[in-house]
**Student:** 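Got a structure here, written out as structure tokens. Questions coming.
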Amino acid sequence: MHPFRSAVEARDAAAIEALLADDVVFVSPVAFAPYPGKAITAAVLRAALRVFEDFRYVREIAGERDHALVFEATVGGKRVTGCDFLHLDEDGLIDEVMVMVRPLSGANALAEAMGAQFDQIRREAAAQA
């Protein structure tokens, strides 16, 4: 089991952040542009912990530097299935997190829920920078 999965399942935001490289990039399922940097990525992942309900990983596919963690959750009353794609740098830290979700109604609910968190995400990221 990848430590990211363990940290997410424990809802341990500090442990999640410790696994991120300084130059990590977060690729959102609902935003066009990626979010570069540890501060914003950590803030986005903390917000995800707040908006996903009944979150559970159901499958893990592991490679040497690439991992796929399939999850199920509820967002805004909509069931979603998604996948966290992790890429690790040469030091074993996560340098890319790409999230995909389905179905479209779930992705729309996620966009709305995360949009409501975005002022807090910005404040948290600015405080860490």
**Student:** Looking at Arg46 and Ala13, would you say the former's side chain and the latter's main chain have a donor-acceptor pair under 3.5 Å?
**Tutor:** no

**Student:** For Ala125 and Ala39, work out which heavy atoms get closest and say how close.
**Tutor:** O-CB, 3.6 Å

**Student:** If you count every heavy atom of other residues, nucleotides or ligands that lies below 6.0 Å from Arg79 atom CZ, does the total exceed 12?
**Tutor:**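 More than 12 within 6.0 Å, yes.
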
**Student:** Could you walk me through whether Glu124 and Gln120 pass side-chain hydrogen bond (donor to acceptor under 3.5 Å, both in side chains), step by step?
**Tutor:** CA-CA 6 Å; Glu124 290 179 12; Gln120 183 173 348; 2.9 Å; yes

**Student:** Output, in order, the C-alpha distance, side-chain angles, deciding distance and verdict of side-chain contact (heavy atoms from CB on, under 4.5 Å) for Phe52 and Val80.
**Tutor:** CA-CA 9 Å; Phe52 280 118; Val80 298; 4.0 Å; yes

**Student:** Looking at side-chain heavy atoms only, is the closest gap between Leu88 and His67 below 4.5 Å?
**Tutor:**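 Yes, at least one pair of side-chain atoms sits under 4.5 Å.
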
**Student:** Answer yes if Met100 and Phe4 sit in the same cluster of Ile, Leu, Val, Met, Phe, Trp and Tyr residues linked by side chain heavy atoms under 4.5 Å apart, and no otherwise.
**Tutor:**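 Different clusters.
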
**Student:** Just how far is it from atom CG of Leu93 to atom CG of Asp22, taken to the nearest 0.5 Å?
**Tutor:** 8.0 Å

**Student:** Would you call the rings of Tyr35 and Phe118 parallel, tilted or perpendicular, where under 30° means parallel and over 60° means perpendicular?
**Tutor:**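 Rings of Tyr35 and Phe118: tilted, 30 to 60°.
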
**Student:** Is any side-chain heavy atom of Pro29 closer than 4.5 Å to one of Leu110?
**Tutor:** yes

**Student:** Take Phe71 and Asp84 through the side-chain contact (heavy atoms from CB on, under 4.5 Å) test and state the conclusion after the steps.
**Tutor:** CA-CA 8 Å; Phe71 64 84; Asp84 294 335; 3.4 Å; yes

**Student:** Backbone N or O of Glu72 within a donor-acceptor pair of the Arg56 side chain at under 3.5 Å?
**Tutor:** no

**Student:** Is Val75 close to Met114 at the side-chain level, that is, under 4.5 Å between some pair of heavy atoms?
**Tutor:** no

**Student:** Would you give the length of the straight line joining atom CG of Asp95 to atom CZ of Arg65, rounded to the nearest 0.5 angstrom?
**Tutor:**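 Reported value, rounded in 0.5 Å steps: 7.0 Å.
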
**Student:** First locate atom CG of Leu19, then atom CD1 of Ile94, and finally report the distance between them rounded to the nearest 0.5 Å.
**Tutor:**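 Separation between the atoms: 5.0 Å.
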
**Student:** Calculate, to the nearest 0.5 Å, the distance between atoms OG1 and CD1 belonging to Thr41 and Ile16 respectively.
**Tutor:** 12.0 Å

**Student:** What I'd like to find out is whether the side chain of Ile40 reaches to under 4.5 Å of the side chain of Ile121, using heavy atoms alone.
**Tutor:** yes

**Student:** Quick check: closest heavy atoms across Val51 and Gln117, and the distance to 0.1 Å?
**Tutor:** CG1-CG, 3.7 Å

**Student:** Count the heavy atoms of every other residue, nucleotide or ligand shown that sit under 6.0 Å from CD of Gln128, and state whether that count exceeds 12.
**Tutor:** yes

**Student:** Any side-chain heavy atom of His87 within less than 4.5 Å of one from Met98?
**Tutor:** no

**Student:** Of all heavy-atom pairs between Cys83 and Phe85, which one has the smallest distance, and what is that distance?
**Tutor:**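 Looks like SG-CZ, 3.6 Å.
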
**Student:** Same cluster or not: Leu45 versus Leu49, using hydrophobic residues (I, L, V, M, F, W, Y) connected whenever any side-chain heavy atoms lie under 4.5 Å apart?
**Tutor:**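 Yes; tracing contacts between hydrophobic side chains, which count when under 4.5 Å, links both residues.
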
**Student:** Please examine the side chains of Arg123 and Asp119, heavy atoms only from C-beta on, and report whether any two atoms are closer than 4.5 Å.
**Tutor:**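 Yes - at least one pair of side-chain heavy atoms lies under 4.5 Å apart.
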
**Student:** Could you give the distance from CD (Glu96) to CG (Asp89), rounded to the nearest 0.5 Å?
**Tutor:** 12.0 Å

